[in-house]
Structures are given as structure tokens and as C-alpha cells.
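This structure is a prediction, so every number in the text was calculated from the model and none was measured. FYI, the numbering just counts along the sequence from 1.
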Amino acid sequence: MKKIRAWLDDYKLIRVYPISNSESQVFSMRLNNQDIVLQPHDIGNRTCELYLPKSLKLENTYYLNINDEPVLIEYRFVTKSEKFNHFFYYSGKLGSVYSKSGTSFYLWAPTASQVDVTVNGSRFSMNRTERGVYFTRVSGDLDGAEYLYQLEVNGEWVEVIDPYSDSVTANGKKSVVIDPEGLMKLKEFHQKESLVIYECSVRDFTSDPDTDIVHKGKYTGMTETGRKDKNGASCGLDYLKETGISHVQIMPVNLIGSVDELHPQKTYNWGYDPVLYTTVSAAYCTDVRDPYCRIKELQQMAEEFHKNNIGVIYDVVFNHIYHGHNVFEKVVPYYYFRYDEKNKLYNGSGCGNDLDTQMPMVQHYIRAGAETFIKRFGADGLRFDLMGLHDIETMNLAVEALRKINPDVVVYGEPWTGGGTTLEADRQAKQSNANLFEGYGQFNDQMRDALIKGGLNGPKEKGWVSGTDNLAADLSAIQNGINGVTYNMAYVIADPNKTVNYVTCHDNYTLYDRIKAAGIEDEDTVRKMCVLANSVVFTSNGTAFMLAGEEFLRTKQGDSNSYMSSDDINALDYSLKIKNMDVFEVYQKLIAFKKKTTDRKSVV
């Protein structure tokens with residue numbers, strides 16, 4: 001028999017499940033030293049509703065008596081109410097705030113009845129202050145101190161790391177206090193030429209075993225100079241400069257859940273499984289046990305790129321949290337995520353949950369994470385993963401905040417979802433709504449599909465480049481794309497500043513593999529088709545985007561979804577540059593053309 005549970009779903013509404021024949025039961029509560037009998041209303045599915053005469057104060061613990069048997073009332077969807085967000089939205093600083101004489105700790109936990117913080121093994125109680133924020137100050141120089149929060153929520157004690165952690169121990173087991181003065185102060189960087197964005201991961205770019213890159217798979221490996229492959233070809237930073245690209249887009253480096261930071265080479269993953277947004281992965285740093293190392297080495301990478309006139313764009317995954325490390329659900333249950341009609345976590349991301357971006361404190365957290373990448377990690381731009389799962393208001397507010405820090409910040413994202421979503425269609429930051437985007441852009445998959453039939457198209461399907469039979473429809477999307485217009489028969493995005501043209505990215509096939517999959521067998525024809533596809537991209541209005549390695553016909557051996565495949569599949573093979581030098585030289589010319597064509601600039 002299932003345990004009976006009672007949930008507060010609004011300030012005056014309790015739902016009880018499972019309950020049979022509720023009218024034969026007696027429901028009562030003690031409020032203001034009085035016993036109040038509540039009348040049940042069956043709503044089906046063994047659930048009844050009880051309406052309270054007055055709102056409850058959420059910092060208290062309440063019990064519902066069912067036939068004189070007490071049942072804890074758990075705070076549930078009351079956290080989604082407008083009243084809750086009005087009373088408890090907090091715009092101030094959260095996390096740890098260091099000074100040499102003591103560190104202050106702030107945790108937003110409005111439904112918790114008690115909160116403690118354990119610092120270096122000593123436990124301190126925290127005081128409930130305004131808007132559901134718990135606070136305490138611990139004296140002494142706590143630079144590098146490890147800490148955890150303990151909370152009593154819905155009658156249970158849980159232990160969590162700080163959602164706003166500046167740094168953590170290996171694999172995010174504990175949060176760490178950081179002295180901001182011990183970090184680098186990165187200089188502002190402004191790239192004046194047209195955007196040519198080059199997407200790569202730290203690991204893929206540095207892991208070729210036939211190069212002399214010392215720190216393979218590491219932030220520091222990205223910017224080593226004087227490195228060569230076995231044929232004497234440049235690799236690493238020297239190679240990136242040789243291509244002529246203006247910006248490098250780094251695949252996710254936030255704290256991720258699928259790679260063991262202590263043994264990162266045992267597992268490969270792209271990193272689209274975030275645990276926290278305010279700190280970064282130590283899988284790519286040289287000393288995982290030093291909480292400063294993960295921060296400083298990413299800062300150093302950004303600084304070296306800037307010194308070499310290359311902008312840095314970080315790929316940020318603000319649409320879900322890795323299922324195995326859900327700190328947020330423990331701190332404020334039912335608040336941070338979307339739920340379906342059966343009260344189960346919605347899964348439009350395909351990763352187990354969707355962040356509820358319409359909640360004000362979710363917006364607060366997204367802005368905090370985005371601002372951290374701009375201020376601390378030298379981001380010149382951000383690429384939002386599955387941006388269609390975000391609401392337009394949240395995106396507009398986030399970009400507005402970022403532009404106050406850097407007026408030239410570059411922001412764009414994937415204008416689609418991984419699956420369905422409970423977010424209303426007209427509120428989604430998806431492609432059909434892109435005319436409502438304020439100061440950010442989106443990927444033009446319309447031209448991509450017209451050129452090569454990428455994305456979710458069948459591998460045998462052909463685009464204009466590979467010999468389509470649907471010439472008229474594809475030409476319309478291509479002609480519009482050349483003008484910087486994202487064209488669909490149902491809508492048109494006419495602003496080139498909102499269009500990112502491309503044919504391939506980390507998802508799906510590489511360009512070489514895509515053409516081969518379409519049944520093109522002649523190698524010389526494949527080479528020409530690859531060059532033709534990106535020639536259209538680089539001579540089009542709007543922003544030009546490319547996957548690392550397309551300039552030398554990169555292959556993943558036909559793997560169309562290599563997110564957890566090996567380094568053998570994913571690593572850039574620099575020897576292909578020598579083999580396909582003629583193709584590489586064409587790309588150099590296309591990139592130079594795009595950067596120097598002043599009337600084709602984009603400010604996304």
C-alpha cells in the first residue's frame with residue numbers, strides 16, 4: 001500500500017494522494033492554536049483537494065491529520081505560484097563571499113525549515129533572512145576551505161554543494177571558497193572583423209597522439225605554441241592562427257557529470273550534461289585537486305587566445321541538469337524544473353529534465369552563470385544549447401544583462417528543442433519567433449538542410465550540393481541564406497544579424513562523412529562538394545560558422561553521433577591537413593574573404 005502524501009500546491013490548496021472515498025475520511029489541521037476541519041473534493045485518480053481558509057507561512061512545518069493520523073504537508077507546486085515568486089525573488093548575491101577576516105555564505109532555500117553549513121568539518125547554523133535566503137558568516141581566513149550545506153526540507157535532511165559554487169573539489173563532491181584576488185583579471189578584447197566561428201572541444205583539438213602537444217586534452221594544450229604533428233605540420237594554437245578564423249567556440253567546459261575528473265581519459269563525453277553553471281570542469285586542467293587550477297587554466301587559455309587576436313565563445317547548457325547530480329531539486333523541490341500533467345519531470349531536452357526558465361530565480365541563476373563566463377572566463381560570446389527550451393523573456397533579459405558588461409558580446413543559440421515542451425509555443429526562443437529576439441541570433445538550419453540535408457534528415461537524402469531532386473525548394477532557402485535571411489515557408493527572419501549560416505557542427509556527421517553517407521563515392525567529387533558547401537556559407541551575409549577540421553576534410557569514420565565515442569573517432573587528425581592541403585588553402589581564402597568583406601559584417 002502506498003504511503004499517503006499531502007502536498008501544498010498553492011498557498012491555500014492541499015492535494016492528497018492516494019486516497020479512496022475521501023468523503024468518508026476526516027481531514028483537519030491545527031492553525032493558530034485551533035483545529036480546523038477541511039472538506040475534501042475528489043478530482044479523480046485517487047486524489048482529493050483541500051482548500052484552506054488562509055495562506056500558510058512557508059517557513060513553518062505543517063501536518064494534515066487524516067482520521068487523526070498526522071501526514072507531513074510537503075511544499076510542492078506552491079513554489080510555482082505568482083505569489084511565491086513575488087515574496088521570495090531575491091536579486092542579491094548568493095554563494096560564498098570571501099574576505100580575509102571571514103566568509104559569508106548565502107543560500108536561497110525558502111521552503112527549508114533549517115539550514116546549516118559545514119566548513120572544513122565544523123558545522124554552523126544559518127539564519128533565515130529576507131526572501132528565503134539563509135545566511136551566516138564564519139570568521140577566519142577560509143581561502144580554499146571546503147564546505148557543504150545541510151537542509152531540512154519537507155521533513156528530510158539533505159546535504160548539497162552550493163549551487164552558486166565558485167569552485168569545487170574533484171567531481172563536485174564539495175564546494176570550495178575562492179579568493180577572487182587570487183584569480184586573473186582578464187583584459188577586454190574586441191574583435192572588429194566579421195565573425196568566422198570555429199567550433200571545437202578542448203579534448204578533440206589537442207588529443208591527436210601523433211602531435212607533440214604536451215598537455216593533451218587540457219586547457220593549456222589549446223594554447224601551446226611551436227607544436228607539430230608527425231609530418232611537421234603545425235597544430236594547436238599555431239594551427240588555429242593559420243586558419244585565420246576570428247573566434248573559437250569551445251564546447252561545454254562547465255562542471256559536467258559524465259566524466260570522472262580524477263580519471264578523465266577513461267571516459268569520453270562532449271559535456272552536454274551540466275552539474276553546475278558557475279564553475280568549470282577539472283577534467284581539462286592539469287591538477288584536479290587544486291580548486292584554483294580549473295579556473296586559472298581556463299582563464300589563461302582565454303587570455304592567450306585574446307593575445308593572438310582570437311575571440312572566445314563558450315557553449316553553455318542552461319536547459320537541463322545532469323540527472324545524477326540534481327542539487328537544485330534538493331534545495332528547493334519542484335521549483336527549478338518543468339513538470340507534466342502527471343506531475344513528472346518533463347523531458348523536452350532528452351536528458352531527463354528541463355529547467356523552468358520562466359521562474360524568476362531560474363532566470364537569476366542563468367544570468368549568474370552567463371555573467372561568470374563573461375567576467376571570469378573571458379567570454380566574448382555564448383552559444384546557448386537547445387535555446388528553444390528557454391523562453392524569449394529570459395533570453396532577452398540575459399542578453400540585456402550581458403551587454404551591460406560587454407556591449408559587443410556575441411550571443412546565439414540552437415533555435416529548437418530536443419523534444420516537446422510545456423512552454424507555450426509563442427514564448428519559446430525558437431526559430432519561428434526569432435524576430436522577437438533582442439540582440440542575439442540563431443542557427444540557420446534551413447540553408448544547411450538545403451545545401452546538404454543535415455540534421456535529422458536521412459543519411460541517403462541529398463541537398464543542392466550533393467545532387468537534390470528538390471531543386472526549387474532548396475534554392476529558395478539557399479538564395480535567402482546568402483542574403484543573411486533565415487527562410488521557411490511559414491516565416492522569414494530577415495535580419496542578417498540574427499542568422500548564423502553553417503552546414504555542420506558537433507552534432508551529426510562531419511561534412512566529409514555527410515557527403516559520403518549520401519552515396520557519393522568518387523573521392524574527388526566528395527572533396528569538391530565539401531568545398532562548395534562552405535563556399536556558400538563564407539560568401540553569405542550574416543555570421544559564418546564551421547566545425548573544426550572541415551578545412552582538411554575531417555572524418556569521424558562515419559559516426560553520426562560521437563558524443564561518447566573514443567578519442568580515435570573524435571580527435572582532430574592533423575595529418576589530414578597535409579593530405580588535403582589544396583582544400584585547406586581554399587578555406588584560408590574563404591575565411592580571409594569573409595573577415596575582410598566589410599559590408600558582410602554581423603554583430604549577432
Pairing of E74 and R5 as salt bridge, 4.0 angstrom limit: yes
Would you check if there is a donor-acceptor pair between the side chains of N570 and S562 at a distance under 3.5 Å? yes
Using a 6.0 Å distance limit plus a 45 degree cone around the ring axis, check whether K83 lies over the aromatic ring of Y11. yes
Please enumerate all residues that pass ring-ring contact (aromatic ring centres under 6.0 Å, His included) together with F205, with sequence neighbours excluded. none
Which pairs with one or both residues in residues 109-138 pass salt bridge (charged side-chain N to carboxylate O under 4.0 Å, His left out), sequence neighbours excluded? D116-R123
Restricting to side-chain hydrogen bond (donor to acceptor under 3.5 Å, both in side chains), what partner residues turn up for E59, sequence neighbours left out? none
Got a sec, which pairs hit side chain to side chain donor-acceptor pair (under 3.5 Å) with one end in residues 341-352, sequence neighbours left out? S349-D354
Tell me every residue that passes side-chain contact (heavy atoms from CB on, under 4.5 Å) with Q265, counting only those two or more places apart in sequence or in another chain. R203, D567
Less than 3.5 Å apart, which donor and acceptor atoms pair up between the side chains of residues 418-428 and the rest of the protein, not counting sequence neighbours?
| from | atom 1 | to | atom 2 | distance (Å) |
| --- | --- | --- | --- | --- |
| T421 | OG1 | L423 | N | 3.1 |
| Q428 | NE2 | L423 | O | 2.9 |

Please, which pairs that meet salt bridge (charged side-chain N to carboxylate O under 4.0 Å, His left out) have at least one residue in residues 154-169, sequence neighbours excluded? D166-R376
Do T357 and R338 meet the criterion of a side-chain donor-acceptor pair at a distance under 3.5 Å? yes
Here the salt bridge (charged side-chain N to carboxylate O under 4.0 Å, His left out) pairs for residues 95-114, sequence neighbours left out, are K100-D141
Looking at residues at least two apart in the chain, or sitting in another chain, which of them share a salt bridge (charged side-chain N to carboxylate O under 4.0 Å, His left out) with E261? R294
Residues in salt bridge (charged side-chain N to carboxylate O under 4.0 Å, His left out) contact with D287, at least two apart in sequence or another chain: none
Regarding H506 and D204, do their side chains bring together a donor and an acceptor under 3.5 Å, going by distance alone? no
Applying salt bridge (charged side-chain N to carboxylate O under 4.0 Å, His left out) to K330 and not counting sequence neighbours gives none
Are N353 and E329 linked by a side-chain donor-acceptor pair shorter than 3.5 Å? no
Sorted by first residue and then second, give each salt bridge (charged side-chain N to carboxylate O under 4.0 Å, His left out) pair with at least one member in residues 311-323; sequence neighbours left out. D315-R383
Ion pair present between E400 and R403, side-chain N to carboxylate O less than 4.0 angstrom? no
